[in-house]
Visitor: 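For reference, the structure I am asking about is given below.
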Amino acid sequence: MTPNFLSPLLSSLLFICFGCVIAHSGRPWRDSGWGTIVLEEAWATPDLLEDAAAPPLGHSSSQTTFHNIDFQLGETHAQLNANLLDIHHQRLRRMDENDIDFMVLSCPSPCAQGLADPDAANRLAYSFNNKLAAAIANNTARFGAFAALSMHNATEAALELNRTVKELDFLGAMIFDYQVSGPNADRFLYYDQPEYDPFWRMVTDLDVPVYLHPRVNAEPVLSLLYKHAP
Ligand SMILES: *[C@@H]1O[C@H](CO)[C@@H](O)[C@H](O)[C@H]1NC(C)=O
Ligand SMILES: *[C@@H]1O[C@H](CO)[C@@H](O)[C@H](O)[C@H]1NC(C)=O
Ligand SMILES: *[C@@H]1O[C@H](CO)[C@@H](O)[C@H](O)[C@H]1NC(C)=O
């Protein structure tokens, strides 16, 4: 049975068609009939938050930095971090309070796209995916996952996507605008180039959605647009 029930859902946006989508897929999940499915819900591991606590190193940094996290009024940094790390407590409670049937978790921006070293980016994505799979394993009726992927090498990204979908039952991937690359972290890889064909071929073969998430612009673009207004 195909686990990727979100794929037809996302591509057609047929939110009223839950019944037929479920019937088509074998994956059991909680469907109250009136609840919501939410996407791009960030989940962090403690090591990701340690990186986030480091002083900002600039957008072309080889470190994982979390410039995009939008801190809400009324919650402290510590509470927000605790919320990011949690799955089964406040998060589930808030889902119940807000009629959310199912949540798809993913890595916060820029995740592996912030790491210029390909091995480090691969390791981060692989380890994040395994930890997330383990963390939701006891409640897949309420939680699913989008894979984190290093986008340095399209073939390796394709294989990791395949692994997460086929072996970890992930529903697709979330990748961020561009992959930082190069020894000085000053190269920016965009995924519409021909060398990414093997990745997009795998996406098509697996028939899963890829969520292309925005992130802070690459430094040259940022300077061009905003240097006059630091
Ligand atoms: C899943 O495991 C977590 C961590 O041990 C626990 O807090 C949670 O209650 C468990 N959920 C279910 C549905 O068993
Ligand atoms: C991408 O990864 C594959 C598989 O590991 C490898 O064979 C290939 O040489 C890599 N491509 C580049 C451009 O490094
Ligand atoms: C995708 O993963 C499955 C399950 O591990 C494996 O059998 C299959 O060979 C993989 N496909 C590719 C193209 O590597």
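When a residue number appears, it is its place in the shown sequence, counting from 1. Just so you know, these numbers use all the heavy atoms, side chains as well, and skip hydrogens, waters and symmetry mates. Start at 1 and go down the list; that is how both ligands and their atoms are numbered.
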Visitor: Would you say the side chain of Trp200 lies within less than 4.5 Å of the side chain of Tyr191, judging by non-hydrogen atoms?
Guide: yes
Visitor: Enumerate the atoms of ligand 3 whose separation from the nearest heavy atom of Leu159 is less than 4.0 angstrom.
Guide: 14 (O)
Visitor: Just which atoms of ligand 1 are under 4.0 Å from any heavy atom in Asn138?
Guide: 1 (C), 2 (O), 3 (C), 8 (C), 10 (C), 11 (N), 12 (C), 13 (C), 14 (O)
Visitor: Counting non-hydrogen protein atoms only, what is the nearest one to atom 9 (O) of ligand 1? Give residue, atom name and distance.
Guide: His88 CB, 4.6 Å
Visitor: Tell me if a side-chain donor or acceptor on Asn129 pairs with a main-chain N or O of Ala148 at a distance below 3.5 Å.
Guide: yes
Visitor: Nearest heavy-atom pair of Ala154 and Pro198: which atoms, and what distance?
Guide: CB-CD, 4.3 Å
Visitor: Could you tell me if any non-hydrogen atom of His89 lies under 4.0 Å from any atom of ligand 1?
Guide: yes
Visitor: Is the side chain of Arg91 donor-acceptor paired with the backbone N or O of Leu84 at a distance under 3.5 Å, no angle test?
Guide: yes
Visitor: Name the closest protein heavy atom to atom 2 (O) of ligand 2, giving the residue it belongs to and the distance to 0.1 Å.
Guide: Asn153 ND2, 2.3 Å
Visitor: Ion pair present between Arg94 and Asp86, side-chain N to carboxylate O less than 4.0 angstrom?
Guide: no
Visitor: Could you tell me whether Arg163 and Glu160 make a salt bridge, using a distance below 4.0 angstrom between a side-chain N and a carboxylate O?
Guide: yes
Visitor: Ignoring angles and geometry beyond distance, decide whether Thr155 reaches within less than 3.5 Å of ligand 2 through its nitrogen or oxygen atoms.
Guide: no
Visitor: Which residue owns the protein heavy atom closest to atom 13 (C) of ligand 3, what's the atom, and how far is it?
Guide: Met202 CE, 3.8 Å
Visitor: Do Asp101 and Met95 have side chains that get closer than 4.5 Å, going by heavy atoms?
Guide: no
Visitor: Please list, in number order, the atoms of ligand 3 under 4.0 Å from a heavy atom of Lys166.
Guide: 2 (O), 4 (C)
Visitor: For atom 5 (O) of ligand 1, state whether the nearest protein heavy atom is under 4.0 Å away.
Guide: no
Visitor: Tell me which part of Glu167 gets within contact of ligand 3: side chain, backbone, both or neither, using heavy atoms under 4.0 Å.
Guide: side chain
Visitor: Within 45° of the axis and under 6.0 Å from the centre of the six-membered ring of Tyr178, does NZ or CZ of Arg215 qualify?
Guide: yes
Visitor: Among Leu206, Asn162, Thr164, Val165, which one has a heavy atom closest to atom 12 (C) of ligand 3?
Guide: Asn162
